[in-house]
Visitor: 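Before we start, here is the structure in question, set down as structure tokens.
All heavy atoms count here, side chains included; hydrogens, waters and symmetry mates do not. Remember, it's a predicted structure, so these values are computed and weren't measured experimentally. So that the names make sense, note that chain A is the first sequence line, chain B the second, and so on, each numbered from 1.
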2 protein chains.
Amino acid sequence: MSAAAAGRGDGGGDPDAARAGGTGTGPAPYDPYAFEPFAVTVDLAVLTVRGGVLHVLLIRRGQEPYAGAWALPGGFVLPRESAETAARRELAEETGLAPSLVDSLHLEQLRTYSEPDRDPRMRVVSVAFTALVPDMPEPAAEGGGDADRARWVPVGEVTQPAFDHARILADARERVGSKLEYTCLATAFCPPEFTLGELRAVYETVWGTALDRPNFRRKVLATPGFVEAVPGAARLTGGRGKPAALYRAGPATALHPPLLRPTEGPAR
Amino acid sequence: MSAAAAGRGDGGGDPDAARAGGTGTGPAPYDPYAFEPFAVTVDLAVLTVRGGVLHVLLIRRGQEPYAGAWALPGGFVLPRESAETAARRELAEETGLAPSLVDSLHLEQLRTYSEPDRDPRMRVVSVAFTALVPDMPEPAAEGGGDADRARWVPVGEVTQPAFDHARILADARERVGSKLEYTCLATAFCPPEFTLGELRAVYETVWGTALDRPNFRRKVLATPGFVEAVPGAARLTGGRGKPAALYRAGPATALHPPLLRPTEGPAR
DNA sequence: CCAAAAGTGTTGACAATACACCCATGA
DNA sequence: TCATGGGTGTATTGTCAACACTTTTGG
């Protein structure tokens, strides 16, 4: 164990100690190059619901390692960027979305992956984010950046992605599934105006369970600020049937009481 | 924007691109020193309940910046360590706890703080963790490491801590408060054997609300695997009153249905 | 008219609350 | 015996799940 960490004795990541560790370049204080450097990146699990199936945005790798494998989009955090800023920038570059739209998207920090050997070449610490977006065309159709190598892939068909991205994707699915229970996050998967049937499809797709339509409707409408009716608007959804009323996302973010998954866990 | 990130085009934090960015040291691939380095640290919000008040473990800083201010314990992630391993190591060093005990503690990754100027000296990306520990003596009494400068401080009395540690502490309180609702985490604040009154005190302390004793008891006992009775054992808690039965933490981790805070949020 | 989807009503099971009440112990 | 905290019982209230039913559209 190096003296840099063992004897630091200062709260909060104190770079003073850097002079005593790593490659040992001398006693100069605050020497940013004294340690073997860590690369800091972001990885993005961008999820959407297309045709009743949860999809994730993946990019085909062109280089070793994992050449030809699918990987989550992501990239380096630049010297003057926060991780979230880097995530939004990468999202814009790799999907071809308008920056104004990217700025308003729901982006949530998932967790940070820091196993020493998660990248075989060097030490890479990656801050993972989850982005929830409404259904949109294939990234290639919009062009720009790396979008030509990006594709929406059903999460069930993702096999052997690069690095530890299978784990990140699993964590993202878990997080989103449980966040639907106690937040109003589901509207992030929907276009600006949506029917309650479409909102219900989000829950059913992410959870993989069917929900009782009348009860779901009551629950959503009984939660103040979850959705707001668009007066007079209606739209046909399945081609047939009664046109459904349209709603917008409301100002609420929390869901009290929560909307729990049915038949989940060892209920008492 | 540097070409390193803009043109990366490879999923998953690809160090190949490092040669094109930062200090520009040449075309050698995988050059770990090509970028202005990021320091990666961990910060720990170690919480406990002492005498009905939530406390956090803080360390008095000895050096500038923020000399004399309180700071969360933490330190550098070593080259061959994951962030969680680093967090456990720092926890052992700064509290003087036995490593075996530290290994079994509940440690949860909170989030990563990466604002470019959160440390005035250099770029420090910090992975924050929350640890929940039972009430224990002052760190100084156990000695070892930096424990002589560490103290338990009531969270209400923490003013102007170093760096962005006020934000980290606030996020930790928020996270722990909501985790009590839908997980069995409260037992992590208790000693190995505890009474239901002590468990209830954890909820009341963290939430700052009173709970109905009989209903709390029924709720906990009705959740399978939350607590397990210690047969025949009993202990006096307040000096007076009927001795209370003792319980151990059970194998369950989730709480279905959740134990919601009373009068919380805009209930429907 | 039929199928399909939206929307409304009703009912029974069960959970949460708010208490009243009893038990065991120290002072 | 009184104060204090543990433990039990119970009635009211409300919420949720299940399902029957009506409405509105396209074929």
Side-chain angles (χ1 to χ4, degrees), chain A residues 51-52 181-182 190 193-204 207 209-224 226-227 229-247 255-268, chain B residues 51-52 180-182 190 193-205 207 209-224 226-227 229-247 255-268:
Chain A
E181 289 189 330
Y182 55 94
C190 295
E193 296 192 345
F194 52 88
T195 70
L196 293 185
E198 290 164 347
L199 186 65
R200 187 169 45 88
V202 168
Y203 279 88
E204 293 181 331
W207 288 349
T209 61
L211 296 176
D212 184 82
R213 186 169 44 77
N215 293 335
F216 178 83
R217 173 188 185 80
R218 262 188 295 265
K219 179 92 183 175
V220 170
L221 295 181
T223 302
F226 191 176
V227 297
V230 179
R235 188 213 303 160
L236 265 70
T237 49
R240 277 218 286 278
K242 186 176 177 177
L246 290 178
Y247 294 85
L255 207 50
H256 277 279
L259 183 49
L260 297 175
R261 281 176 265 214
T263 69
E264 202 245 340
R268 45 159 122 196
Chain B
L180 288 192
E181 289 189 329
Y182 56 94
C190 295
E193 296 191 344
F194 53 87
T195 70
L196 293 185
E198 289 165 347
L199 186 65
R200 186 167 47 87
V202 169
Y203 279 88
E204 292 182 332
T205 299
W207 287 349
T209 62
L211 297 176
D212 184 81
R213 186 167 42 77
N215 294 334
F216 177 83
R217 174 187 183 81
R218 262 189 293 269
K219 179 91 184 176
V220 170
L221 295 180
T223 303
F226 192 175
V227 297
V230 180
R235 188 214 302 159
L236 265 69
T237 49
R240 276 218 285 278
K242 185 175 177 176
L246 290 178
Y247 294 85
L255 208 51
H256 277 279
L259 182 51
L260 297 175
R261 280 176 266 214
T263 68
E264 203 247 340
R268 47 157 121 193

Visitor: Rounded to the nearest angstrom, tell me the gap between atom CZ in A:Phe216 and atom P in C:dG7.
Guide: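 About 12 Å, once rounded to whole Å.
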Visitor: Using atom CD of A:Glu198 as one end and atom C1' of C:dA6 as the other, report the distance to the nearest whole Å.
Guide: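 Result: 13 Å.
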Visitor: Which of these nucleotides, C:dT8, C:dC19, D:dA18, is closest to any side-chain atom of A:Asn215?
Guide: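 My answer, after comparing the listed nucleotides, is D:dA18.
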Visitor: For A:Lys219 and D:dA18, give me the distance from atom NZ to atom P, rounded to whole Å.
Guide: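 To the nearest whole Å, that distance equals 14 Å.
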Visitor: To the nearest 0.5 Å, what is the distance between CH2 on B:Trp207 and CG on B:Leu260?
Guide: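 So the gap between those two atoms works out to 7.0 Å.
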Visitor: Roughly, in whole Å, what's the span from CZ in A:Arg218 to P in D:dC19?
Guide: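 Interatomic distance, CZ of A:Arg218 to P of D:dC19: 14 Å.
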Visitor: For B:Arg217 and C:dT17, what is the distance between atoms CZ and P respectively, to the nearest whole Å?
Guide: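 In whole Å, C:dT17 P lies 17 Å from B:Arg217 CZ.
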Visitor: Does B:Tyr247 use its side chain to pair, donor to acceptor, with the backbone of B:Leu196 at less than 3.5 Å?
Guide: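 Pair absent, no side-chain N/O of B:Tyr247 close to backbone of B:Leu196.
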Visitor: Quick one: closest heavy-atom pair of B:Pro224 and B:Ala222, and the distance?
Guide: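 It is CD-O, 3.2 Å.
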Visitor: Please encode protein proximity along nucleotides 21-27 of chain D as a string of B, S and -, counting only heavy-atom distances under 4.0 Å.
Guide: --BBBB-
Visitor: With sequence neighbours excluded, tell me which residues meet side-chain contact (heavy atoms from CB on, under 4.5 Å) with A:Arg235.
Guide: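 side-chain contact (heavy atoms from CB on, under 4.5 Å) list for A:Arg235, sorted by chain: A:Thr195, A:Glu198, A:Leu246.
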Visitor: For DNA chain C, whose closest nucleotide is more 5', that of B:Pro214 or that of A:Leu221?
Guide: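 Nearest-nucleotide comparison on DNA chain C picks A:Leu221.
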Visitor: Let me know the distance between CG of B:Leu246 and C1' of D:dG6, rounded to the nearest Å.
Guide: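 Whole-Å distance recorded here is 12 Å.
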Visitor: Taking atom C1' of D:dT15 as reference, at what distance in whole Å does atom CG of A:Asp212 sit?
Guide: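 It is 14 Å, rounded to the nearest whole Å.
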Visitor: How many angstroms lie between CG in B:Leu259 and CZ in B:Phe226, if you round to the nearest 0.5 Å?
Guide: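 If we round to the nearest 0.5 Å, B:Leu259:CG and B:Phe226:CZ are 7.5 Å apart.
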Visitor: For D:dG6 and B:Arg200 - does any side-chain N or O of the residue sit under 4.0 Å from the phosphate oxygens OP1/OP2?
Guide: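 For D:dG6, OP1 or OP2 has a side-chain N or O of B:Arg200 closer than 4.0 Å.
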Visitor: List the atom of B:Leu255, the atom of B:Glu181, and the distance in Å for their closest heavy-atom pair.
Guide: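 Scanning both residues completely, I find the closest heavy atoms to be CD2-O, 3.6 Å.
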Visitor: Whole angstroms only, please: what is the CG-C1' distance between A:Leu196 and C:dA5?
Guide: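 Going from A:Leu196 (CG) to C:dA5 (C1'), I get 13 Å.
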Visitor: Quick one: label B:Ala234 by what it contacts on the DNA or RNA (base, sugar-phosphate, nothing), any heavy atom closer than 4.0 Å.
Guide: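 No contact at all - B:Ala234 keeps every heavy atom at 4.0 Å or more from the nucleic acid.
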Visitor: How long is the gap from NZ on A:Lys219 to CZ on A:Arg200, to the nearest 0.5 Å?
Guide: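 A:Lys219 atom NZ to A:Arg200 atom CZ measures 16.0 Å (nearest 0.5 Å).
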Visitor: Nearest to the B:Ala245 side chain among D:dG7, C:dT17, D:dA17, which nucleotide is it?
Guide: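 Looking only at side-chain atoms, B:Ala245 lies closest to D:dG7.
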